[in-house]
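This report concerns only the one structure given below.
Lettering of chains follows the sequences in order, A, B, ..., and the numbering in each one begins at 1. Excluded from the calculations below are hydrogen atoms, water molecules and symmetry mates; all remaining heavy atoms, backbone and side chain alike, are included.
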There are 2 protein chains.
Amino acid sequence: MRAAMDAPAPPPDVRTRILDAAERIVQARGVNGLTLESAAREAGVSKGGLLYHFASKEALIGGMLDRLAAFMAESFDGCVARQPEGRGRVARAMIAWAFGEEETSPGSEPLDRTAAVCLAAFHHDPALLDPMRAVTSRIKAQLLADGTPAGAALAILTSTDGLFMAHVFGLYHHTEAERAALRATLEALLEAAP
Amino acid sequence: MRAAMDAPAPPPDVRTRILDAAERIVQARGVNGLTLESAAREAGVSKGGLLYHFASKEALIGGMLDRLAAFMAESFDGCVARQPEGRGRVARAMIAWAFGEEETSPGSEPLDRTAAVCLAAFHHDPALLDPMRAVTSRIKAQLLADGTPAGAALAILTSTDGLFMAHVFGLYHHTEAERAALRATLEALLEAAP
DNA sequence: GCATATGTACCGTCCGGACGGTACAGTCAA
DNA sequence: TTGACTGTACCGTCCGGACGGTACATATGC
């Protein structure tokens with residue numbers, strides 16, 4: 001087929017294109033909107049073509065999650081690496097992660113993508129979240145091992161997760177002042193003596 | 001009808017029975033498991049009978065959410081009322097609520113119920129979460145108005161929400177010691193001078 | 001005091017449509 | 001030619017919802 005030939009400069013791997021399409025659909029039309037047909041159409045592939053790459057819907061969602069978990073892990077590691085070394089490094093990274101990338105209010109791309117994909121996975125089969133669990137467990141372990149007192153570390157961990165959840169479900173919104181106050185409080189927890 | 005009269009202990013309002021059944025299904029078999037037929041069967045009612053009370057699946061889920069939001073609001077208010085008056089009262093209630101100090105009748109069942117129902121609603125139509133948003137927004141407003149510094153109040157709010165999310169999605173587990181440390185940290189935030 | 005009518009609560013069946021998945025024929029690069 | 005890959009036609013199933021019918025209680029007319 002011609003269309004396959006005159007694709008843009010970086011030849012987008014078909015698998016990747018399907019995964020991207022599936023994510024876009026879940027974000028735009030919700031979990032219901034994700035069907036094999038719609039994903040194939042969005043990716044510019046036939047349904048049969050999609051099924052060639054992902055043998056079932058479950059495999060498709062699993063693929064989305066594996067990729068997302070890898071992205072999250074990498075992103076977090078990068079954030080840690082960018083923090084000065086020393087006690088509380090991971091905790092500071094966590095705060096920077098939660099407050100930094102979330103700048104664009106309702107359109108923060110990685111955040112919404114994460115939420116959408118996780119929700120889709122959880123809906124289909126909670127066990128599909130396992131790769132994500134592995135990542136979060138590792139993050140927690142790192143956080144508890146970097147010298148910050150456990151209480152403070154856990155407060156930071158759960159607080160940023162709560163911030164995330166509130167955003168995903170739109171449970172309540174924070175003003176800039178509130179976000180700043182929260183951030184200051186979390187950072188103050190880092191200063192506490194061990 | 002006589003039967004309706006001499007059933008003193010369980011007044012089995014059909015509507016309530018259907019709502020209970022639907023919640024049980026969502027908890028046990030996930031969002032997928034909730035169909036009009038399964039809910040009707042579980043409630044001991046025919047599908048037609050169910051549709052008599054809830055004109056559509058959306059109405060059924062909406063009914064679950066309305067009831068749950070009312071329950072949550074009442075439960076939280078009761079928790080606040082049980083705290084000594086004074087500055088930080090609402091924040092203390094929040095902590096007590098989150099850490100299960102409240103005698104929530106059968107174990108931590110309401111927690112799972114909340115999660116299951118909210119997920120079902122979010123899956124069907126995010127707008128259905130509105131009653132829940134109203135409750136959480138009110139709680140946040142109360143929390144910010146009871147004298148606790150904003151940063152501490154928000155840290156407590158987001159942290160307990162994060163605790164909740166981690167539980168719902170099974171992202172990571174906390175040991176008893178970790179829970180105690182986290183709680184101590186949150187309580188220490190309350191002592192900070194305004 | 002009886003028959004007819006009306007309203008409420010509920011039941012059982014059916015249908016259109018959508019979805020996941022399969023079968024298979026076609027295409028194109030190597 | 002071959003085999004990786006695509007596209008299409010189709011199947012079985014399931015679900016939401018509509019619909020017509022049943023049982024019974026109360027009301028109404030006579």
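With sequence neighbours left out, A:Asp130 forms a side chain to side chain donor-acceptor pair (under 3.5 Å) with A:Arg133. Residues satisfying the side chain to side chain donor-acceptor pair (under 3.5 Å) test with B:Thr35, not counting sequence neighbours, are B:Ser38. Scanning for ring-ring contact (aromatic ring centres under 6.0 Å, His included) contacts around B:Phe76 gives B:Trp97, with sequence neighbours left out. Every residue meeting the side chain to side chain donor-acceptor pair (under 3.5 Å) condition with B:Glu42, not counting sequence neighbours, appears here in chain and number order: B:Arg24. In this view, A:Ser137 satisfies the side chain to side chain donor-acceptor pair (under 3.5 Å) rule with no residue, not counting sequence neighbours.
For residues 119-126 of chain B, proximity to DNA chain C is found at no residue, defined as any non-hydrogen atom under 4.0 angstrom from a strand atom. Applying a 4.0 Å cut-off to non-hydrogen atoms, the residues of residues 35-46 of chain B that approach DNA chain D are B:Thr35, B:Leu36, listed by residue number.
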Tell me which donor-acceptor pairs under 3.5 Å the side chains of residues 61-74 of chain A have, and how far apart each pair is, sequence neighbours excluded?
residue: A:Arg67; atom: NH1; partner: A:Asp20; partner atom: OD1; Å: 3.0
residue: A:Arg67; atom: NH2; partner: A:Asp20; partner atom: OD1; Å: 2.8
residue: A:Arg67; atom: NH2; partner: A:Glu23; partner atom: OE2; Å: 3.3

Pair up each side-chain donor or acceptor in residues 45-52 of chain B with any protein partner under 3.5 Å, not counting sequence neighbours, and list the distances.
residue: B:Ser46; atom: OG; partner: B:Gly48; partner atom: N; Å: 3.4
residue: B:Ser46; atom: OG; partner: B:Gly49; partner atom: N; Å: 3.0

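Rounded to whole Å, atom C1' of C:dC19 lies 16 Å from atom CD of A:Glu58.
Judged as a ring pair (Phe, Tyr, Trp, His ring centres under 6.0 Å), the pairs with a partner in residues 114-162 of chain A (not counting sequence neighbours) are, in order, A:Phe122-B:Phe169, A:His123-B:His123. Listed by first and then second residue, the side-chain hydrogen bond (donor to acceptor under 3.5 Å, both in side chains) pairs that reach into residues 139-165 of chain A are A:Arg138-A:Gln142, A:Lys140-B:His174, A:Lys140-B:Glu178, A:Asp146-A:Thr148, A:Thr158-B:Ser159, A:Ser159-B:Thr158, A:Asp161-B:Tyr172, sequence neighbours excluded.
Contacts of B:Leu50 with the nucleic acid, taken as non-hydrogen atoms under 4.0 Å apart, are absent.
B:Arg89 places a side-chain N or O within 3.5 Å of a backbone atom of B:Val80 that can act as its donor or acceptor partner.
When the side-chain nitrogen and oxygen atoms of B:Tyr52 are compared with OP1 and OP2 of C:dA9, one or more of them lie within a distance under 4.0 Å. The side chain of A:His53 places no N or O atom within less than 4.0 Å of a non-bridging phosphate oxygen (OP1 or OP2) of D:dC5.
For the helix from C:dG1-D:dC30 to C:dA30-D:dT1, the end axes, each set by the C1' atoms of five terminal pairs, are bent relative to each other by 20° (nearest 10°).
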